Amino acid sequence: MMAQYLALKQQAGDCLLFYRMGDFFELFFDDAKIAAQVLDIALTSRGEHGGAPIPMCGVPVHSAESYLARLIKAGCRVAIAEQVETPEEAKKRGGSKALVARDIVRFVTAGTLTEEALLEPRRANVLAAVCEVRGLIGIAACDISTGRMELEECEPAAMGAALARLGASEIVASEDWADAPFDAVRRPGRGFDSNAGEARLKDLHGVSTLEGFGAFTRPMLAAANGLVDYLDHVGRGRLPLLLPPVARTAGGHMAMDEATRASLEILVSTGGTRKGSLFEAIDRCVTGAGARLLAEDLSAPLTAAPAIRARLELVSWLHDDPLLRGDLRAILKAAPDIGRALGRVVAGRGSPRDLGQLRDGLSEAWRLREVLGARAQRPALAEALLPALGGHGALIDLYVRALVPAPPTERAQGGFIAEGYDAALDELRRAAGNSRRAIAALEAKYRDETGVSALKIRHNGVLGYFIEVPARHADKLMLPDSGFTHRQTMAGAVRFNALALHEEASRIAEAGGHALVAEEAHFEELVAAAFRARKGIAATAAALARIDVACGQAERAAEGGWTLPHVVAEPVLDIAGGRHPVVEAALAARGERFVANDCRLAPEDRLWLVGGPNMGGKSTFLRQNALIVLLAQAGGFVPAEAATIGMVDRLFSRVGASDNLARGRSTFMVEMVETAAILAQASERSFVILDEVGRGTSTYDGLALAWAVVEAVHEVNRCRCLFATHYHELARLAESCDALSLHHVRAREWKGDLVLLHELAEGPADKSYGLAVARLAGVPAPVVKRAKAVLDKLEKGRASTGGLAAGLGDLPLFAAAIEAVEEKVDALRARLNGLDIDALSPREALDLLYELKAQANG
Ligand code: ADP
C-alpha cells in the first residue's frame with residue numbers, strides 16, 4: 001500500500017494528499033502533521049517506514065467538505081485520491097490480496113472551487129495566471145464558479161495594481177520567471193505559450209479566429225494558456241466552465257494602485273474584513289451574483305462616459321419607481337445562483353439540486369423579463385439586457401417535467417426524476433411500491449399465522465428485510481416446518497427470513513436498481529442540455545446580476561437620500577453636501593449626525609490644503625470625495641446633495657506614515673515610495689488625496705517634504721488634489737501657488753473644552769489645538785499643563801526667529817528651481833563636450849579641472 005501511496009504523493013507534489021480508505025480520507029507523513037495542526041484533529045501513527053512510525057490522521061468522507069474548506073482557507077492545496085475500482089473488481093483482477101486501484105481524481109485549490117459549501121456566495125473567486133512576454137505582462141483571470149474569463153496586458157510596473165484589482169485567491173506563474181508574484185503557484189514554463197493559448201481558446205470555443213471575442217496580444221494568449229493548462233491539471237483533464245474571453249483594454253477603467261485601494265477601504269477595511277468597508281456600506285443586492293458584480297464595479301470604475309451614463313440611467317429609472325424596484329427585487333430574491341449552479345454542472349460536479357436551481361433561476365429570469373417588458377420607455381441598458389433574460393423556454397420546460405420540485409444534492413439514492421416523465425421509470429417505482437405494500441400485508445399475515453402480535457417486519461442495511469420477534473416467542477418460529485429460517489439472535493429478539501418476504505424484497509431491490517440506472521441516464525441527459533445552453537445561461541446570470549446591482553444601488557440611494565451625479569469631461573469636482581457613507585453609518589449607529597461638506601475644485605482652484613485639529617474630520621473629508629468619485633464612475637448614485645464630477649483617469653489616496661501600520665519596510669519609507677508613485681503618474685485628469693504626508697519623519701524633514709510635494713503637485717502634475725496637513729507653515733504656499741487655496745475643519749474652544757465642528761471653512765487653520773485634543777483624549781491634566789508651559793516657551797522662540805518656515809517664501813518655485821539646476825548642468829556639459837583633451841598640456845588640464853569645479857559649485 002505504501003508504494004501506491006508514495007507514487008500518488010509524488011504526483012500530488014506540494015498538495016496535501018487525501019488518500020481514500022473506506023469511509024475515510026487518510027493523510028500520512030508531513031501531510032498528516034500539517035492537517036492535524038490546521039484542523040485540530042488527532043495525529044496518530046501506523047506501521048513504519050524507514051524504521052520510524054508513520055504519522056497519520058484522517059477525516060470522514062461524508063464531512064470532508066468542511067475540512068477541505070478549512071484547509072483551503074489556511075492556504076493549503078489538496079489532491080484527492082479516490083478508489084477507482086471496487087474491492088470485488090480488485091480481487092477479480094489480482095487475486096484476494098490485490099490492492100484496490102486509486103487515482104488522483106482532482107485537486108482542490110483556492111482558485112478552482114465550485115462547491116457551494118466552499119465558496120462565499122457574495123464574493124467572486126478568481127484564479128489568475130500571470131506571465132512575462134518580451135517585457136510585457138500578460139494576465140489571464142477567470143472565475144470558474146461562473147466561467148467568466150478576462151485577459152489583459154500591462155507594463156511590469158502596473159502588474160501589482162492589476163492583481164490588486166482582481167483580488168485573486170490563487171495566482172499561477174511560470175517556475176522560471178524570477179519576478180513572478182511571490183505567492184504564485186509555480187508551473188512549468190512551457191505551459192505559458194501564446195501559440196498554444198490561441199489554439200486552445202479557438203478549440204475551446206469552436207471558432208476559427210478569436211477576432212469575434214476581441215483583440216488579444218501575445219502576452220494575453222500566453223497567460224491564457226497558462227491558465228487553461230493549470231485548470232486542465234487540477235481537473236485531471238476535465239475543464240470547468242469557461243466562457244469566451246474578454247479583453248480588458250487599458251484606459252477603459254479608472255486606475256487605482258494597491259495602496260489606494262487599501263487606504264480607501266473599498267472591498268475590505270483595514271481590519272481585513274468586509275465590516276467597515278465601502279462595499280458593506282452600499283451593498284443592497286439581494287443575490288450573491290449581484291453582490292459579486294457590485295464588488296467588481298467598485299474595483300474597476302469606468303472612464304467611458306457613455307457606459308457610465310447607461311448604468312446611471314438604469315439606476316435612476318429604478319430609483320424613481322419604487323414599486324417596480326420592489327417587484328424586481330422580490331423576483332431576484334427568489335432566484336437561485338444560476339451562474340454558480342451552471343459552473344458546477346459543467347465542471348462535472350453538479351447535483352440534481354443544481355439542475356433544479358437552473359430551472360428555478362431561469363423561470364425567475366423569465367418573470368423578470370415579463371415585468372420589465374411591460375414597462376414603457378425602458379432605459380437603454382434595460383433594453384439591452386431584456387433578450388438575455390428569456391430564451392430558455394424549452395430548457396425550463398424540460399426541467400419542469402423531468403425534475404421533482406426540490407431535487408436532492410445527492411443523486412446516489414435517486415428520487416429526483418419526477419413522476420410522469422418516464423413511463424418505464426414510473427413502472428419500476430410502481431413495482432417497488434407494490435412490493436412494499438405486499439411486505440406490509442405479509443406482516444399482518446405472519447402475525448396471524450404465528451399468533452405473535454409483537455412480530456414485526458423490519459429493514460436494515462446489512463440484512464435487508466427480516467422478521468423480528470421477541471426472544472420469548474422465538475421457539476415457535478424455530479420449528480423446522482414453520483416456514484421461517486433463522487438469521488440472527490439478538491439480546492431480546494430473534495430475526496428470521498421467509499420465502500415470500502425474500503421474493504418481495506428481491507423485487508424491490510431489482511426494481512430499485514433499474515430505477516437508479518434509469519435516473520442516472522436521465523441525469524446525464526439533463527446535464528448535457530445545460531451544457532449545450534451554457535453560454536445563454538451565463539448571459540442570463542450576468543443580466544440578472546446587473547439588474548440586481550442597479551436595483552441595489554437605487555435602493556441604497558433612496559435609503560440615504562443620495563443624488564444622481566453628473567459626469568462631465570472638464571477637470572472639475574463640484575460636490576455639494578458630500579458625506580462619507582461608512583463614517584455616516586457608524587455615527588448613525590451611535591445616534592450622531594454627520595456634517596455634510598462641500599468640495600469645489602476647478603482648473604483655477606484645483607489644490608486645497610486642509611488644516612485644522614486632529615480628529616477634526618480632515619481624513620474623512622478627503623476620503624469622502626474620493627469615494628464619491630469612485631461611486632459615480634462605477635455608475636451609481638452618490639452621498640451628496642449635488643455632484644458634478646469631471647472624469648478621473650487615475651485615483652490616488654495616501655495616508656501619512658503613522659496611520660498606516662508596518663508592512664515590513666519602515667512606514668516612512670512606504671509613504672515616500674507611494675508619494676513618488678503619485679508624482680510620477682498623476683496627470684491633469686487625475687484626482688489625488690494626500691493625508692498628512694511627511695508626518696513620519698522629523699518636523700523639519702516633514703515640513704520640507706510636504707512643501708516640495710505640494711509645489712510639485714501644483715506645478716507639474718496639475719491634478720485635482722486635496723492635501724490634509726497640520727503644518728500651518730504650508731499656508732504660505734498660497735502666496736506663490738495661484739491654483740491653491742486654504743481650508744480648515746472648524747473647531748471652537750468653549751469653557752476650556754474643545755468642540756470639533758467637523759465643518760469645512762475657507763482660510764487657514766487659526767491654531768493647532770493639539771493640547772486640547774490631548775485633553776479630550778484623556779491625557780492627565782499635569783502632563784497637559786506641563787506641555788502648555790513648553791509650548792509657550794517654543795512659541796516665544798518662534799516669534800523671535802520668524803518660525804519654522806522663516807524665509808521659505810523667498811524660495812524660487814518648484815519648477816523654477818528645477819530649471820535652474822538643469823541649466824547649470826547643461827553649461828558644464830557643453831563645456832566638457834567642447835574640449836579637445838589631446839590638445840591640453842598637463843598644467844592646462846589641472847587648471848581647467850579647478851575651473852570646472854568652481855563652476856559646478858555655482
Ligand atoms: P482628522 O483626519 O482631522 O484627524 P478624522 O477625519 O479622522 O479627523 O475624523 C475623526 C472623527 O471625527 C471620525 O472618526 C468621525 O467620528 C468624526 N467625524 C469626521 N468627520 C465628520 C463629519 N463630517 N461629521 C461628523 N463627524 C465627523
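Whatever order the structure lists them in is the order used to number ligands and atoms, beginning at 1. A quick note: this is a predicted structure, and the numbers were derived from the prediction, not measured.
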Student: State the atoms of ligand 1, each with its element, that fall below the 4.0 Å cut-off from a heavy-atom position in G617.
Tutor: 1 (P), 3 (O), 5 (P), 6 (O), 8 (O), 9 (O), 19 (C), 20 (N)
Student: List every atom of ligand 1 that sits less than 4.0 Å from any heavy atom of N614, numbering the atoms from 1 in the order shown and giving each element.
Tutor: 4 (O)
Student: Please identify which of these residues, L314, D297, V315, meets the side-chain contact (heavy atoms from CB on, under 4.5 Å) condition with Q553.
Tutor: V315
Student: Would you check the N or O atoms of M615, main chain and side chain alike, for any that come under 3.5 Å of an N or O of ligand 1?
Tutor: yes
Student: Between L587 and ligand 1, which residue portion shows a heavy-atom distance shorter than 4.0 Å: side chain, backbone, both, or neither?
Tutor: side chain
Student: Purely on distance, is any nitrogen or oxygen of S619 under 3.5 Å from one on ligand 1?
Tutor: yes
Student: For a quick check under 3.5 Å, do S653 and T260 share a side-chain donor-acceptor pair by atom type?
Tutor: no
Student: When you look for heavy atoms under 4.0 Å from ligand 1, do you find them on the side chain of P613, its backbone, both, or neither?
Tutor: backbone
Student: Please determine if R746 and E762 form a salt bridge, counting it only when a charged side-chain N lies under 4.0 Å from a carboxylate O.
Tutor: no
Student: Check whether any N or O atom of K618, backbone or side chain, sits under 3.5 Å from an N or O atom of ligand 1, and answer yes or no.
Tutor: yes
Student: Return a yes/no value for G616: is any of its N or O atoms, backbone included, closer than 3.5 angstrom to an N or O of ligand 1?
Tutor: yes
Student: Flag V595 as yes when one of its N or O atoms lies below 3.5 Å from any N or O atom of ligand 1, and as no otherwise.
Tutor: yes
Student: My question is simple, although I want it checked carefully: is atom 14 (O) of ligand 1 less than 4.0 angstrom from any protein heavy atom?
Tutor: no
Student: So, are K788 and D792 salt-bridged, with charged N and O less than 4.0 Å apart?
Tutor: yes
Student: Test salt bridge (charged side-chain N to carboxylate O under 4.0 Å, His left out) on R600 and D598 and set out the steps.
Tutor: CA-CA 7 Å; R600 302 221 139 82; D598 300 348; 3.4 Å; yes
Student: For R593, counting its heavy atoms only, list the atoms of ligand 1 lying under 4.0 Å from any of them.
Tutor: 25 (C)
Student: Between K333 and D548, does any NZ, NE, NH1 or NH2 come within less than 4.0 Å of an OD or OE carboxylate oxygen?
Tutor: no
Student: Less than 6.0 Å separating the ring centroids of H319 and F637?
Tutor: yes
Student: From the options H758, Q624, R579, select the one whose nearest heavy atom is closest to atom 22 (C) of ligand 1.
Tutor: H758
Student: For the residue pair A632 and I645, what are the closest heavy atoms and their distance?
Tutor: CB-CD1, 3.6 Å
Student: Cationic tip of R274 within the cone over F279's six-membered ring, i.e. under 6.0 Å and within 45° of the normal?
Tutor: yes
Student: To which protein heavy atom is atom 19 (C) of ligand 1 closest, and what is the distance rounded to 0.1 Å?
Tutor: T620 OG1, 3.4 Å
